[in-house]
Amino acid sequence: MITKLTSIVMAILVIALLYMGGQLLLNGGSAFYAMMGAGLLLTAVLLFRKQRSALTLYAVLMWITLAWIVWEAGFDKWQWIPRGDLFGVIGLWLAMPWVVRPLTRGERRFHPLLGGTVAIMVLVVIGLCFYDPLPQAGTITNAREPVNEPGAENEWAAYGGTPAGQRFSALKQISKANVSNLEVAWEYHTGDMRQESDATEYTFEATPLKANDMLYLCTPHNEVHALNPESGAVKWKYTPEKNRSYLQQHQTCRGVSYYAAPVAQTSSSAPALCRKRIFNATTDARLIALDADSGKRCPDFGRDGVVDLRANMGEIRPHALMQTSAPLVAGNLVIVGGSVMDNGFEKGNPSGVIRAYDAQSGRLVWNFDPATPDVTAPIAADKRYPQDTPVAWATLSADVKNGLVYVPFGNASPDEVGIERDADSNTEKFRDTLVALDLQTGAFKWRYQSSHHDLWDRDNPSQPSLLDIDYQGQKQPVVILPTKTGNLFVLNRLTGQPVYPVNEVKVSTEGGVPGEKFAATQPVSSLNFIPQALTEKSMWGITPFDQIACRIDFHRLRYDGNPWTPATEAGTLVFPGNIGVFNWGSVAVDPERQMLIAAPVRLAYKYNLIKRTPQTATERLFTKDGQPYWNENFHGDYAIHIQQLASGLGIPCIAPPWGRLVGVDLKTGKTEWLRRIGTTKNLKTTFLPGRFPLGFPMGMVAHGGPLLTAGDLVFHGATADNFFRAYDSTTGELLWQTELSAGAQATPSTYMGKDGKQYVVIAAGGHGSLGTKAGDSMVAFRLK
């Protein structure tokens, strides 16, 4: 009876395997699954007929499967899962006494070939649990040479620590020797939680500032909270009116900025209010100045503490203009870029102008728009900035000593369609371009384009990092620009010339949609984490069936084996996708040891262009579950549907790792160590009612940045598993971790408290798009 039931169950699996394996074969894929289906069918028939040869046949099939797995995936245990889990379970069942005895007429309970095969396979799998081919072991040997002014490390007065955007602190009370003794010092709840009417992309990504003996942070709805740095007790709170709308593309605030007027400008006759200020740039396009001591709006800044960033922009559609990143405070200026609705409309999108305001009066000092780069004098009240120009939505950086501000311009909407672009315009020349401007006047100094004629949403999403390095024996001031493609461009920050070599590589220029043109080459830096090209073997799953579905998808999509494959109506595989290898979390650099820490991401996406006609120019497009596409490009040539290349179970189709942590010696440009980061614990899936309970260390997506300290530590949350971790920056070794109450898709900061203790703080609020657990916590850690 058992053998017949087993054969029937196997026959059902055979039908699915033969059908899907046949589909894969017809699409030009591997013949293995179809052949395995045929072998399983024969095994099932022999079982049904109670032939002991069924066991011998299946043992042979298992050895064939093992050989095929090693040929396709080597000894990466995570890639063995979809290729061998089902077939291994079947083999284990067939080797059980209750199956063997009926087939041998009760003569034996053990089949030597099949039983031995299963035993060997189990031992191999157990051995693989202790082996991982991915991590790259190494050591960064650079000695520490202090470069910061003593005492400055006690504060964290800017989004990236300083205007240089290093995400580094010279504090070292917490070190490799004692980091395992970290404990929660306090946890503060903001109370600002997502409601149904809020945006899906609702994220608590704030990096808190420590200045003026307070800790300052902002919430997704642009509330500003000032806390006691040692206890987490609230000092004051500024709560603007909440405009909840699910049509908002991004509901987030990554940080506020701090300004203290120079001593010469704070005479005893000056008003006490607002000598020190907190600047908050909001998702409804306002720049708000608050008194750092009380949280009251500064009446002398703009109009009652507010500068309207919609000024001189012309007509702005609902939710089309927003601020998601911290403004830059440099000298006596507060400087902002902006973010626009991606792919919402073909024309009429707000300008990407960069504006510098006097930090005390709110007066516009200069403006720089890519369409008119030579005109930086403040715009007249009755004039408008040019529309549809590239935007810089990330936080800017500044070299205050040399009087330069660095603007990481991205694309102009629409990101993925360029049929209407003018190749000779300034707008085209400034797409995906790092621009250096004079800090005081906004005058153009130099530019460097990181992606040519971008049709993939490869904008520059990260705050640039500034430091001096000894490269090839020569000291040079550099700016490091992380990109979505995976390049890390290392440029001389005074001239814009590459310090690390950059090659122009030939890319795809044929195909796409009618009328589209493509750049013939794209820049590739010698320091890059551009992911290795995908093949069918790169596809993944947790069963053979979802892996086969991913393999079929791979063959049906256009993919030219590089990140610049043209988007099509039929569908294109874009790798890396629009989330990028690097995003707003940027990188961290240690100027004392001349090293860089980064968390590159590996995810593939499907791009489908949808032809617009005069009849469908304003037609709203929805997904199968009723959600808007967000990339509808009204009145344009094509709408764009972007979705992650994932199986029906909601799991990425490409094999892990999806997230890594790397350490780079900037003196040589060599990646010295690499490791997986994050586990599957708390992963939201479609095949489980709750979250995945087990923490398999596959390497998870990380959305947020690292923090480096002089204690030779890297602090990093960001991974999609709710954990906060500390690593040895020299080797990448994991030293400490703790599970938070929600996803920590944020960048941590650190400071010295008045109690003489070093604190490390991180926001734990989750990320709407990543699906991590939502929360409203700011958590601080210190040594026991």
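In this text the structure is predicted, and so the values were computed from the model without any measurement. Residues take their numbers from the sequence shown, with the count starting at 1.
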Trainee: List for me each residue that meets salt bridge (Lys or Arg N to Asp or Glu O under 4.0 Å) alongside Glu619, sequence neighbours excluded, and say none if there are none.
Mentor: none
Trainee: Output all residues satisfying salt bridge (Lys or Arg N to Asp or Glu O under 4.0 Å) with Glu205, sequence neighbours left out; order by chain, then residue number.
Mentor: Arg254
Trainee: Under the salt bridge (Lys or Arg N to Asp or Glu O under 4.0 Å) test, which residues partner Arg725, sequence neighbours left out?
Mentor: Asp721
Trainee: Tell me whether the count of non-hydrogen atoms from other residues, nucleotides or ligands lying under 6.0 Å of NZ in Lys77 goes above 12.
Mentor: yes
Trainee: Are any side-chain N or O atoms of Tyr159 and backbone N or O atoms of Thr395, one a donor and one an acceptor, separated by less than 3.5 Å?
Mentor: no
Trainee: Under the side chain to side chain contact (heavy atoms under 4.5 Å, CB included) criterion, do Arg167 and Ile597 qualify, and how do the steps go?
Mentor: CA-CA 10 Å; Arg167 276 158 287 282; Ile597 305 296; over 6 Å; no
Trainee: Are the side chain of Asn528 and the backbone N or O of Ser525 linked by a donor-acceptor pair below 3.5 Å?
Mentor: yes
Trainee: Can you name the side-chain contact (heavy atoms from CB on, under 4.5 Å) partners of Ser197, sequence neighbours left out?
Mentor: Gln195, Arg244
Trainee: Could you check whether any side-chain heavy atom of Phe32 comes within less than 4.5 Å of a side-chain heavy atom of Glu72, counting everything from C-beta outward?
Mentor: no
Trainee: Is the closest basic N to carboxylate O distance between Asp76 and Arg676 below 4.0 Å?
Mentor: yes
Trainee: What residues, two or more places apart in sequence or in another chain, satisfy salt bridge (Lys or Arg N to Asp or Glu O under 4.0 Å) together with Asp85?
Mentor: none
Trainee: Test your reading of the model: is there a side-chain donor-acceptor pair from Thr207 to the backbone of Gly255, 3.5 Å cut-off?
Mentor: no
Trainee: Can you list every pair that meets side-chain hydrogen bond (donor to acceptor under 3.5 Å, both in side chains) and has a residue in residues 596-609, with sequence neighbours left out?
Mentor: Asp553-Lys606
Trainee: Looking at residues at least two apart in the chain, or sitting in another chain, which of them share a side-chain contact (heavy atoms from CB on, under 4.5 Å) with Val507?
Mentor: Val505, Gln522, Trp564
Trainee: Quick one: closest heavy-atom pair of Lys537 and Arg83, and the distance?
Mentor: O-NH2, 2.7 Å
Trainee: Go through the structure and list residues passing side-chain contact (heavy atoms from CB on, under 4.5 Å) with Ala31, not counting sequence neighbours.
Mentor: Leu25, Met35
Trainee: Is it the case that the side chain of Gln323 and the backbone of Gly337 share a donor-acceptor pair, with hydrogens and angles ignored and the cut-off at 3.5 Å?
Mentor: yes
Trainee: Can you spot which of Asn633, Asp457, Leu455 makes a side chain to side chain contact (heavy atoms under 4.5 Å, CB included) with Glu416?
Mentor: Asp457
Trainee: Are Ser245 and His319 close enough, and set up right, to give a side chain to side chain donor-acceptor pair (under 3.5 Å), and what steps lead you there?
Mentor: CA-CA 9 Å; Ser245 173; His319 311 297; 3.1 Å; yes
Trainee: Mind listing the side-chain donor-acceptor pairs of residues 572-583 below 3.5 Å, one per line with the distance, residues two or more places apart or on another chain?
Mentor:
residue: Thr572; atom: OG1; partner: Pro566; partner atom: O; Å: 2.7
residue: Thr572; atom: OG1; partner: Thr568; partner atom: N; Å: 3.1
residue: Thr572; atom: OG1; partner: Thr568; partner atom: OG1; Å: 3.1
residue: Asn583; atom: ND2; partner: Ile579; partner atom: O; Å: 2.7

Trainee: Can you tell me if Asn487 uses its side chain to pair, donor with acceptor, with the backbone of Phe489 under 3.5 Å?
Mentor: no
Trainee: For Thr219 and Asp776, does a side-chain donor sit closer than 3.5 Å to a side-chain acceptor?
Mentor: no
Trainee: Aromatic rings His716 and Tyr727: how do their planes relate, parallel, tilted or perpendicular, breaks at 30° and 60°?
Mentor: tilted
Trainee: Show your working on side chain to side chain contact (heavy atoms under 4.5 Å, CB included) between Glu420 and Lys347 and close with a plain yes or no.
Mentor: CA-CA 10 Å; Glu420 304 297 327; Lys347 299 291 184 182; 4.3 Å; yes
Trainee: Is the closest basic N to carboxylate O distance between Lys681 and Glu739 below 4.0 Å?
Mentor: yes
Trainee: Under a 4.0 Å threshold between the charged nitrogen and the carboxylate oxygen, would Lys517 count as salt-bridged to Glu428?
Mentor: no
Trainee: With a 4.5 Å heavy-atom cut-off, do Trp540 and Cys550 have their side chains touching?
Mentor: no
Trainee: Tell me yes or no: between the side chains of Gln136 and Thr671, is some donor less than 3.5 Å from an acceptor?
Mentor: no
Trainee: Just list the side-chain donor-acceptor pairs under 3.5 Å for residues 654-664, sequence neighbours left out, or say none.
Mentor:
residue: Trp658; atom: NE1; partner: Ile654; partner atom: O; Å: 2.8

Trainee: Could I get the full list of side-chain contact (heavy atoms from CB on, under 4.5 Å) partners for Asp546, not counting sequence neighbours?
Mentor: Ile542, Thr543, Ser647, Leu649
Trainee: Describe, in one word, how the ring planes of Phe518 and Trp456 are oriented to each other, choosing from parallel (under 30°), tilted (30 to 60°) and perpendicular (over 60°).
Mentor: tilted
Trainee: Can you find a side-chain donor-acceptor pair between Asp192 and Tyr202 that sits under 3.5 Å?
Mentor: yes
Trainee: With sequence neighbours left out, write down each residue that passes side chain to side chain donor-acceptor pair (under 3.5 Å) with Ser450, or none if nothing qualifies.
Mentor: Asn460
